[in-house]
Asker: 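Below are the structure tokens for one structure; questions will follow.
Only this structure's heavy atoms are used, side chains among them; waters, hydrogens and symmetry mates stay out.
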Amino acid sequence: MSGSHAIGVDLGGTKILAGVVTRSGELLRRHERPTPDDSLASVLRELEAAVDELLDDEVAAIGFGVPSPIDQPTGVVVECVNVKGFVDVPLRDHMHDRFGLPVGLDNDANAAAIGEWRAGAGRGVDDLVMLTMGTGLGGGVITRGQPVRGARGGGMELGHVVIVHDGLPCQGACRGRGHLEPYVTGLAATRRAQEAFGPAADAHRLVRLADEGDETARAILADIGAYLGSGMGSFANIFEPDLIVIGGGFGVAAWDYVIPSAEEVMRREALRPMRDRVRVVPAELGTAAGSIGAGFVAFEALDAA
């Protein structure tokens, strides 16, 4: 089967985004529905409904981007920290049995990185790192024109590199401390905003105040950027990317205030020639990056079938 179309599904903590994707990365149709918060059975039912809504004779494969480490040999979703009940779920086999099509599975940030690489800000680049700054911090890596996956084929957990020994507790179910994630996410910005402006403040207000010229808000966002730059410098040294692509809702909204200090710290921490070559650019695909990338994951499974 060659298949002209695939369905890519991006599972998030609050919503499921699905789309019909071509091999060139064009998004033909989209569908969105809420992510249930009551049970695994409900989430699986909504994922199936999202696929059913878009399924037609042109669809030859289905791909899923899921916020979890993935065990690729078994097709098991290990644990979604923000989707109730999604622990050790054999999602690939379940969806293959349900729809009778090849099914691809990847970490959601890896899928977003694949989407930006193939159809967005990273077109024509063989080496890039993508960081998605939203409620959490996800990351994906493309090296020598291939997505980088772990030993078991899972995603790259870039948000969980340690940048401060024994630092802030990490977010969600993670029990680590000093990881990059709790310093640079929308949740981190909300915490900092509340410390400075009171309990009603959040990340959105922090960016709005910065837009209005508030120096405290701008200083907080610049400090968040400095922490981000520490991580980016390490990623530049390890992966030697030509591009670092920044996406996610908070990353896009706070770009003007976060990225200048992030670049300054990154270029201090990165070695030559990495610091001289790497460019930092905004993502282009917006909320569609995950579903487009999941579509490419679906074509990968189709071609391997």
Asker: Not counting sequence neighbours, list each pair that qualifies as a ring-ring contact (aromatic ring centres under 6.0 Å, His included) and has a residue in residues 183-211.
Answerer: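 Counting only pairs at least two positions apart or across chains, the ring-ring contact (aromatic ring centres under 6.0 Å, His included) contacts touching residues 183-211 are Y183-Y227.
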Asker: Sequence neighbours left out, what pairs pass ring-ring contact (aromatic ring centres under 6.0 Å, His included) with at least one residue falling in residues 28-86?
Answerer: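 Those involving residues 28-86 do not exist here.
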Asker: Could you tell me whether the side chain of T185 and the main chain of G136 form a donor-acceptor pair under 3.5 Å?
Answerer: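 The answer is no, because no donor-acceptor pair under 3.5 Å joins these two groups.
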Asker: side-chain contact (heavy atoms from CB on, under 4.5 Å) with P67: which of D108, D10, T135?
Answerer: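 So the option named by the test is D108.
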Asker: Among all residues two or more places apart in sequence or in another chain, which pass the salt bridge (Lys or Arg N to Asp or Glu O under 4.0 Å) test with R30?
Answerer: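 Salt bridge (Lys or Arg N to Asp or Glu O under 4.0 Å) list for R30, sorted by chain: empty.
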Asker: May I ask you to decide if V278's main-chain N or O and R267's side chain share a donor-acceptor pair within less than 3.5 Å?
Answerer: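 Judged by distance alone, yes, a pair lies under 3.5 Å.
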Asker: Got more than 12 heavy atoms from elsewhere within 6.0 Å of CD, E195?
Answerer: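 More than 12 within 6.0 Å, yes.
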Asker: Assess whether atom CG of D37 is packed by more than 12 heavy atoms of other residues, nucleotides or ligands within 6.0 Å.
Answerer: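 Open.
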Asker: With the 4.5 Å side-chain cut-off for hydrophobic clustering, are V281 and V265 part of the same group?
Answerer: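 No, separate clusters.
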Asker: Measure the CG-CG distance between L206 and L221 for me, rounded to the nearest 0.5 Å.
Answerer: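 L206 CG to L221 CG: 4.0 Å, rounded to 0.5 Å.
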Asker: Keeping D127 on the side-chain end and R144 on the backbone end, is there a donor-acceptor pair under 3.5 Å?
Answerer: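 Yes, D127 side chain to R144 backbone: donor-acceptor pair under 3.5 Å.
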Asker: Consider only side-chain heavy atoms of I, L, V, M, F, W and Y, link residues closer than 4.5 Å, and tell whether L285 and V245 are in one cluster.
Answerer: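 They do share one cluster, since a chain of ILVMFWY contacts under 4.5 Å joins L285 to V245.
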Asker: Could you list the residues that satisfy salt bridge (Lys or Arg N to Asp or Glu O under 4.0 Å) with D57, not counting sequence neighbours?
Answerer: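 Per chain and number, D57 pairs via salt bridge (Lys or Arg N to Asp or Glu O under 4.0 Å) with no residue.
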Asker: Counting heavy atoms not belonging to R279, are there more than 12 under 6.0 Å from its CZ?
Answerer: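 It does not: R279 CZ has 12 such atoms or fewer within range.
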Asker: For G120, does its backbone N or O pair with a side-chain atom of R123 as donor and acceptor, under 3.5 Å?
Answerer: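 Present.
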Asker: Kindly work out whether a path of hydrophobic side-chain contacts (I/L/V/M/F/W/Y, heavy atoms less than 4.5 Å apart) joins V59 to L47.
Answerer: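 The answer is yes; both residues are in one hydrophobic cluster.
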Asker: Applying the side-chain contact (heavy atoms from CB on, under 4.5 Å) criterion to L137, which one of E181, H160, Q171, H179 satisfies it?
Answerer: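 Of E181, H160, Q171, H179, side-chain contact (heavy atoms from CB on, under 4.5 Å) with L137 is met by E181 alone.
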Asker: Rounded to the nearest 0.5 Å, how far does CD1 of I220 lie from CZ of R191?
Answerer: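 R191 atom CZ to I220 atom CD1 measures 10.0 Å (nearest 0.5 Å).
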Asker: Suppose the criterion is ring-ring contact (aromatic ring centres under 6.0 Å, His included): which pairs have a residue in residues 94-127, not counting sequence neighbours?
Answerer: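 Found none.
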Asker: Has T132 got a side-chain atom pairing as donor or acceptor with G138's backbone, closer than 3.5 angstrom?
Answerer: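 Checking the backbone N and O of G138 against the side chain of T132, a donor-acceptor pair under 3.5 Å is found.
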Asker: Honestly curious: do V161 and L168 fall in one hydrophobic cluster under the side-chain, below-4.5 Å linking rule?
Answerer: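 Same cluster.
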Asker: Could you grab the distance from atom CD of E116 to atom CD1 of I142, nearest 0.5 Å is fine?
Answerer: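 If we round to the nearest 0.5 Å, E116:CD and I142:CD1 are 11.0 Å apart.
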Asker: Just grab all the side chain to side chain donor-acceptor pair (under 3.5 Å) pairs involving residues 237-260, residues at least two apart or on different chains.
Answerer: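 Every pair satisfying side chain to side chain donor-acceptor pair (under 3.5 Å) with a residue in residues 237-260: D211-Y257, D242-R277.
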Asker: Tell me whether V125 shares a hydrophobic cluster with I114, the cluster being built from Ile, Leu, Val, Met, Phe, Trp, Tyr side chains joined at under 4.5 Å.
Answerer: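 Yes; I114 is reachable from V125 via cluster members.
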